[in-house]
Novice: 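Encoded as C-alpha cells, here's the structure I'll be asking about.
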Amino acid sequence: MKKNHLWLITALFAGQGIFAQQIQQDSLKVQQLDEVVVSDSKFELKRENSGKTVIKITAEEMQRNQGRTVAEIINTKSGIEIAGSRGRDGDVLGVYARGGRGRQVLIIIDGVRVADPSTFSAEYDLRLLSPSTIESIEIIKGAASTLYGTNAVTAVINITTKKSSKKKMAGNFETSVGTNQTAEDQNYNIGSIQNSANVNGTLGKFNYGVDFSNRYKSGLSAAVTPENEEDVFSNYSTNVRFGYQFTERFGVQLYGNQTKFRNEYDASLAEAPNVGENEQQRVGVSSEFEYGKGSVHLNAAYTDYESMANDTFGESTTEGNNWVLDVYHKYVFGEQFHTILGVNYIKDEAIFAEEVNFTIVDPYANVVYVSDFGLNLNAGARLNNHSEYGNHFVYNLNPSYVFDTNKGYIKLMGSYATSYITPNLTQLFGAFGGNPDLEPEENTTIEAGVEFKLNNTLRISTVYFDRNETNAIGYDANFTTINVADEIDANGVELEATWLPLSNFRVNANYTFTERKGDNAIRIPKHKANVSVWYQFCESTNASLSYAYTGERFDTDFSAFTDVALDPFSILNLSVQHELIKNKLNVFVNADNLLNEDYRELLGFTTRGRNFRVGLSLNL
C-alpha cells in the first residue's frame, strides 16, 4: 500500500471518530479507582486491603490496545522490561522484572503454571499468547513462591482468559492490517495482518466457547542487514472450552488449546533455511465448589511442547511436557481472616538423549487478616518437596496499614519474603553440563512502600525493593552446571500514578529505577518511564497517547565478547477508536513510534520505525 493511501485511511478514521458526535459528558462511563485484586492472596479483596501494589490490566485496556502483542502491553508497566517486544514480531523475548532474569518470572494462565521444560531456560514463550483471548492480566511483583511456588521470584503474571457470555450465542470478530517497517525504510507496504473469531454462549447450565486467531508479519529482517531480507513470522491459535454448572455452588470447566508459530530468523549461514516451528497443546480442567464461607478449587492441566529448528547447525527438535495440579481450600473466618490451605503438584518431562523428569509436591498455607481499624496482614509458608534435591522451605510476611482520610486513604506497606527456583531439566540432566546434584536458587526480598488515594480521582504509590540472590546456577571451568558462590543484589524504586480529573480523561504514569550488582546486568535499563493519556471525545470516540522512555543498558557483542552500552530512546504511540454501531462495530487506528525514532533495542537486531495499523471489531 502506498504511503498516501495509509495516511488517507488514518485521517478518515480519526476524523470520523473525533467529529462524528458532540461531547455527551453525562453518558460516558465513569472510570473508577476502586479495584478488586486477586493475585496476591487468591481472594477478591479491595485494593486498599492488599499489601502489594498489584498492576491490573483490565478488559478495557486490552481493548484500547487492539493490534498490539501481549508483550508490548505488559512492557508499559513499572518494574518490567521485555527485551525484543519493540522489534520484529517473532524475536525471542527476554522478560526482566526488578533486575531479574526470565526464569525468575512465573506466568500463570487460568490458575495453571505454564513453562516449557524442554528449553534451556524452561521459560514460557510469550509469543504463544493471543491478546484476543485474554480478559485481564494481574501482575504482582516481588517474591510470591508461598502461593505460587517455583520461579515466582521477581513477578507473577496472572492471565485470565475470556469467559462465555450469558447469552445463548455471542460472537466477536476482529481484523486489522498495518505496516511493518524500519525507521530507515518507510515504504508503507502492508506487512502485518491479524484476525480473530470467537463464538460463545450459555444454554441453561451448559456454557461453551470456541475461538481462533492468527497473526502474520513480514517485511523485516530479524537481524540488521544491508539488504533487510524479510523474515516471516506467523502464529495460529485455537481454543475450545465447555462448562457445566451442576448446581449454583458447583461447576466444572474443560478446555483445550493448540498454538503454532513459524518463525524465520538470521544465522551465520545465509543459505540455510533458518526457520523455527513451535507448537503448544494444552488440555485442562477447573472446578469450584462453594459452601457457606468456604470453597474448594481445582486447577489442572497437561501441556505438550515441541520446537523444531533448521539452520546453520542442521535440524534439531526438542520435546517436553508437564502436568500441573493445584488444589486449595479457601475459608473466611468472621469476615476478617481469609485462609488458604493447598497442595501443588508438578511433573516436568523432556526428551534429551533419553526421557528425563522430576516431580514437585508442595503443601502451602496462607492467611490474610483484614482488621476493622486499618491493619492488614498477609502471611504464609510453603514446603517445597522435589524429587531430586529434597525439601526447601519458603515463607512471606506482608503487613500494611491504612489510614483513612476525609477523601481517601494513605496505606503503608512492607514485606519480607523468600522464594526459590528449581533447577530445570536441562541443568539437571542435559547432555552438556548436566548436574543432578544441583540445589535450588534462593532469593530474599524486602519491600517498603506507601500508597495515597484521593477522592477516587488520584492514586499515587511508591515502593522500594531490595532482593538478594544466592545459590544461583551457573557453570564452572569445565562447563558443568553448579550452584555458584557469588551473590547478586538488585534494588530499586517503582513509582506509579493514576489521575482521573474528569470522567472522560485519564492519565497513567510510572517510573522505575533498577540497579543490579554482582554481574553485568545485561539488557536491564537503570531508568525507565511510561506516561499514557486517555481521552473520550464523545460517547463513541476515544483516543490514547502514550510515551515510553527506556534508559541506557548493556548488551553483549558476541563477536568480541565485550559488553556494549546501548543509548536511551523514547517512543510515542497514538491510538484512536470509534464506535460506528453502538455495542456492535468498533474501528481503530494505531500509530506506533509516531516520531519515527531510530534506535537499538537489542544489539544487532532490527527495531520497528513508524508504523500504522487500522482495524475493526464486530460484536454479535
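On a predicted model such as this, the values are computed, not experimentally measured, just so you know. Position 1 is the first residue of the sequence; numbering continues from there.
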Novice: Identify, with sequence neighbours excluded, every residue that meets side chain to side chain donor-acceptor pair (under 3.5 Å) alongside Glu601.
Specialist: Arg86
Novice: Could you tell me which residues satisfy side chain to side chain contact (heavy atoms under 4.5 Å, CB included) with Ala155, sequence neighbours excluded, listed by chain and number?
Specialist: Ala97, Val105, Lys141
Novice: For Asp519, what residues pass the salt bridge (charged side-chain N to carboxylate O under 4.0 Å, His left out) criterion, not counting sequence neighbours?
Specialist: Arg101, Arg516
Novice: Residues in side chain to side chain donor-acceptor pair (under 3.5 Å) with Arg523, at least two apart?
Specialist: Asp555
Novice: Using the test side chain to side chain contact (heavy atoms under 4.5 Å, CB included), find all partners of Thr498 that sit at least two apart in sequence or belong to another chain.
Specialist: Leu33, Arg459, Leu500, Arg506, Asn508
Novice: Test of understanding: with side chain to side chain donor-acceptor pair (under 3.5 Å), list the residues that count as partners of Ser316, not counting sequence neighbours.
Specialist: none
Novice: Pairing donors with acceptors under 3.5 angstrom, does anything connect the side chains of Glu138 and Ser39?
Specialist: yes
Novice: Is Val463 close to Val493 at the side-chain level, that is, under 4.5 Å between some pair of heavy atoms?
Specialist: no
Novice: Could you please spell out the steps behind the ring-ring contact (aromatic ring centres under 6.0 Å, His included) verdict for Tyr535 and Phe537?
Specialist: CA-CA 6 Å; Tyr535 185 73; Phe537 295 94; 5.0 Å; yes
Novice: What orientation do Trp499 and Phe505 show, parallel under 30°, tilted 30 to 60°, or perpendicular over 60°?
Specialist: perpendicular
Novice: Do we see a donor-acceptor contact under 3.5 Å between the side chains of Asn510 and Ser78?
Specialist: no
Novice: Test of understanding: with salt bridge (charged side-chain N to carboxylate O under 4.0 Å, His left out), list the residues that count as partners of Glu277, not counting sequence neighbours.
Specialist: Arg262
Novice: Does any donor atom in the side chain of Thr182 or Glu184 lie under 3.5 Å from an acceptor atom in the other side chain?
Specialist: no
Novice: Could you work out, with side chain to side chain donor-acceptor pair (under 3.5 Å) as the rule, every residue matching Tyr216, not counting sequence neighbours?
Specialist: none
Novice: Do Arg241 and Tyr255 meet the cation-pi criteria used here (NZ or CZ under 6.0 Å from the six-membered ring centre, within 45° of the axis)?
Specialist: no
Novice: For Asn322 and Tyr305, does a side-chain donor sit closer than 3.5 Å to a side-chain acceptor?
Specialist: no
Novice: Holding to salt bridge (charged side-chain N to carboxylate O under 4.0 Å, His left out), I want the full list of residues that pass it with Glu306, two or more places apart in sequence or in another chain.
Specialist: none
Novice: For residues Thr512 and Thr514, is any side-chain donor paired with an opposing acceptor at under 3.5 Å?
Specialist: no
Novice: Could you work out, with side chain to side chain contact (heavy atoms under 4.5 Å, CB included) as the rule, every residue matching Val92, not counting sequence neighbours?
Specialist: Arg127
Novice: Not counting sequence neighbours, which residues clear salt bridge (charged side-chain N to carboxylate O under 4.0 Å, His left out) with Lys260? List them please.
Specialist: none
Novice: How about His527 and Tyr549: are their ring centroids closer than 6.0 Å?
Specialist: no
Novice: Could you work out, with side chain to side chain contact (heavy atoms under 4.5 Å, CB included) as the rule, every residue matching Gln181, not counting sequence neighbours?
Specialist: Thr179, Gln186, Asn187, Tyr188, Asn611
